[in-house]
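We name chains A, B, ... by the order of the sequence lines, and we start the count at 1 in each one.
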Number of protein chains: 2
Amino acid sequence: MPGQKLDAIDRKILAELQRDGRMTNVELAKRVGISAPPCLRRVRTLEEAGYIRGYHAQVDVRALGFEVQVFAMVGLHSQAQADLLEFQERCDNWPLVRECHMLNGEVDFILKCVAPDLSSFQNFLTSDLLGAPNVESVKTSLVIRTSKEVPGIPFEVMEDRLSKTP
Amino acid sequence: MPGQKLDAIDRKILAELQRDGRMTNVELAKRVGISAPPCLRRVRTLEEAGYIRGYHAQVDVRALGFEVQVFAMVGLHSQAQADLLEFQERCDNWPLVRECHMLNGEVDFILKCVAPDLSSFQNFLTSDLLGAPNVESVKTSLVIRTSKEVPGIPFEVMEDRLSKTP
DNA sequence: CGTGAAACCGTCGCCCC
DNA sequence: GGGGCGACGGTTTCACG
């Protein structure tokens, strides 16, 4: 499962499905310029190879009553492998944590969290996150507004660099 | 477009489509316990009301050759409304920037960026981001690994609190 | 919201290059 | 190896009760 065993049609398929994950296969086939059966075979192959990890409806977080979004920068006391893993598993089990990224530098993790309101986030912060073992420090930043939120990768950039160094 | 004009079936539909955005309508209808036609009508309504903002394939960023992911914390000189908007528009036009969130506190924006490799990110950082007008400071953190990445909201939490305060 | 019908789509087998 | 053609069964999407 290396880098570029993908041809131009595969990349177009991925770009189209990233843009509209509910597109029918015939529509997709039309857009990438082949007929439906080979198009579907390619999609299945891309799924099985792990290039496509899933399909998700993008819901409006705020409209559904989750008005608070927070980035939490977490520092740990110990960065031993076992302790990092333990913290990650803890994050897995916190539904308010939607993303957990391990970082380089002074901060160890950044978490993207959602909550219905400030008090339920504060409750999560003080009871769960700050109460977890090995957590040294947490700095939180409230999201005031999100002006851009596009998933995945910019396929234009991918095509650009493929055309420069083929 | 208010808060909870959604009944239990609508919420189940949203939860299922968030989990699997390519589910067929008949499968979805079966899962939420109604027949296909009203189910499709509900989905269309949810889309038009903005609760569903789109459907996207979740691609494997690293497997597609974007091996570098970075969070960039940006401070601006001026936080005047026009200057904030100007910076947001600039982020819109940078394909390597996938998310742009305005924050409270000392940092003004957090950007989630992707890049094929470190040097192309460094190039973006020095030429584009640090070269943009009104940008005072940028602190970057490389993502070492992502251990959790789930989209949207935790519907369990939503149901929990609806059952407590109906 | 459910039923039925018509059009469309996903999917398979086969043939072709 | 991958792409196209044709056909069957399931699905989407009407109009109507």
Side-chain angles (χ1 to χ4, degrees), chain A residues 1-60 63-64 151-152 155 158-159 162-163 166, chain B residues 1-60 63-65 152 155 158-159 162-163 166:
Chain A
M1 48 180 66
Q4 283 0 25
K5 195 62 192 61
L6 303 175
D7 63 14
I9 296 182
D10 288 320
R11 298 196 299 271
K12 191 87 196 299
I13 288 175
L14 290 168
E16 291 294 336
L17 286 179
Q18 175 175 283
R19 194 178 54 76
D20 178 6
R22 278 222 124 192
M23 198 181 308
T24 66
N25 182 56
V26 295
E27 169 85 13
L28 180 61
K30 195 183 310 171
R31 284 174 184 267
V32 304
I34 58 178
S35 66
C39 184
L40 186 61
R41 284 196 290 259
R42 281 170 179 266
V43 172
R44 294 283 175 264
T45 303
L46 291 168
E47 288 168 356
E48 278 152 28
Y51 292 105
I52 298 177
R53 302 176 57 176
Y55 303 88
H56 306 282
Q58 180 187 10
V59 304
D60 189 319
L64 290 173
F155 280 95
M158 189 172 176
E159 298 300 335
L162 285 178
S163 63
Chain B
M1 46 180 69
Q4 282 2 21
K5 194 63 191 61
L6 302 176
D7 63 15
I9 296 182
D10 289 321
R11 299 196 298 272
K12 192 87 197 301
I13 287 176
L14 291 168
E16 292 292 338
L17 286 179
Q18 175 175 283
R19 193 178 56 75
D20 177 7
R22 279 220 126 192
M23 197 181 309
T24 65
N25 183 57
V26 294
E27 168 87 14
L28 180 61
K30 195 184 308 172
R31 284 174 185 267
V32 305
I34 59 179
S35 65
C39 184
L40 185 62
R41 285 195 288 261
R42 281 169 180 264
V43 172
R44 295 281 176 266
T45 304
L46 291 168
E47 289 169 355
E48 278 151 27
Y51 291 105
I52 298 177
R53 301 176 56 178
Y55 304 87
H56 306 282
Q58 182 188 8
V59 304
D60 188 317
L64 291 173
F155 280 96
M158 189 172 177
E159 299 299 335
L162 286 177
S163 63

Considering all heavy atoms of both residues, which atom of [X] and which atom of [Y] are nearest to each other, and what is their separation?
X: B:M158; Y: A:L64; result: CE-O, 3.7 Å
X: A:F155; Y: A:Q18; result: CE1-OE1, 3.6 Å
X: A:R42; Y: A:D10; result: NH1-OD1, 2.9 Å
X: B:G21; Y: A:R22; result: O-NE, 2.7 Å
X: B:A63; Y: A:Y51; result: O-CE2, 3.7 Å
X: B:V59; Y: A:G152; result: CG2-CA, 4.1 Å

Which residues pass the salt bridge (Lys or Arg N to Asp or Glu O under 4.0 Å) test with A:D60, sequence neighbours left out?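 A:D60 satisfies salt bridge (Lys or Arg N to Asp or Glu O under 4.0 Å) with no other residue.
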Within a strict 4.5 Å, meaning less than it, do heavy atoms of the B:L14 and B:L6 side chains meet?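 Answer yes - side chains close enough.
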Does any part of the side chain of B:R44, heavy atoms only, come nearer than 4.5 Å to the side chain of B:R41, both counted from C-beta?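 Side chain of B:R41 against side chain of B:R44, heavy atoms only: no contact under 4.5 Å found.
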Do any N or O atoms of the protein come closer than 3.5 Å to N or O atoms of nucleotides 13-17 of chain C, and which pairs are they?
none

Just verifying a value: how many Å separate A:R11 CZ and A:L46 CG, rounded to the nearest 0.5 Å?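 That separation rounds to 11.5 Å.
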Once you round to the nearest 0.5 Å, how far does NE2 of A:H56 lie from CG of B:D20?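 The NE2 atom of A:H56 sits 8.0 Å away from the CG atom of B:D20.
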Taking atom P in both C:dT11 and D:dT13, what distance in whole Å separates the two?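 Rounded to whole Å, the distance is 16 Å.
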Atom pairs and distances, donor-acceptor, side-chain atoms in residues 29-36 of chain B, under 3.5 Å, two or more places apart:
{"residue": "B:R31", "atom": "NE", "partner": "B:E27", "partner atom": "OE2", "Å": "2.8"}
{"residue": "B:R31", "atom": "NH2", "partner": "B:E27", "partner atom": "OE2", "Å": "3.1"}

A correct dot-bracket answer for DNA chain C, with pairs being Watson-Crick or G-U at under 3.5 Å, [ ] for crossing pairs and | for inter-strand pairs, is .||||||||.|||||||
For nucleotides 8-10 of chain C, tabulate all protein N/O to nucleotide N/O atom pairs closer than 3.5 Å, reporting atom names and distance.
{"residue": "C:dG10", "atom": "OP1", "partner": "A:N25", "partner atom": "N", "Å": "2.6"}
{"residue": "C:dG10", "atom": "OP2", "partner": "A:N25", "partner atom": "N", "Å": "3.2"}
{"residue": "C:dG10", "atom": "OP2", "partner": "A:V26", "partner atom": "N", "Å": "3.1"}

Need two values: the first and the last nucleotide of DNA chain D, 5' to 3', having an atom under 4.0 Å from any heavy-atom of chain B.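 Going 5' to 3' along DNA chain D, contacts run D:dT11 to D:dC14.
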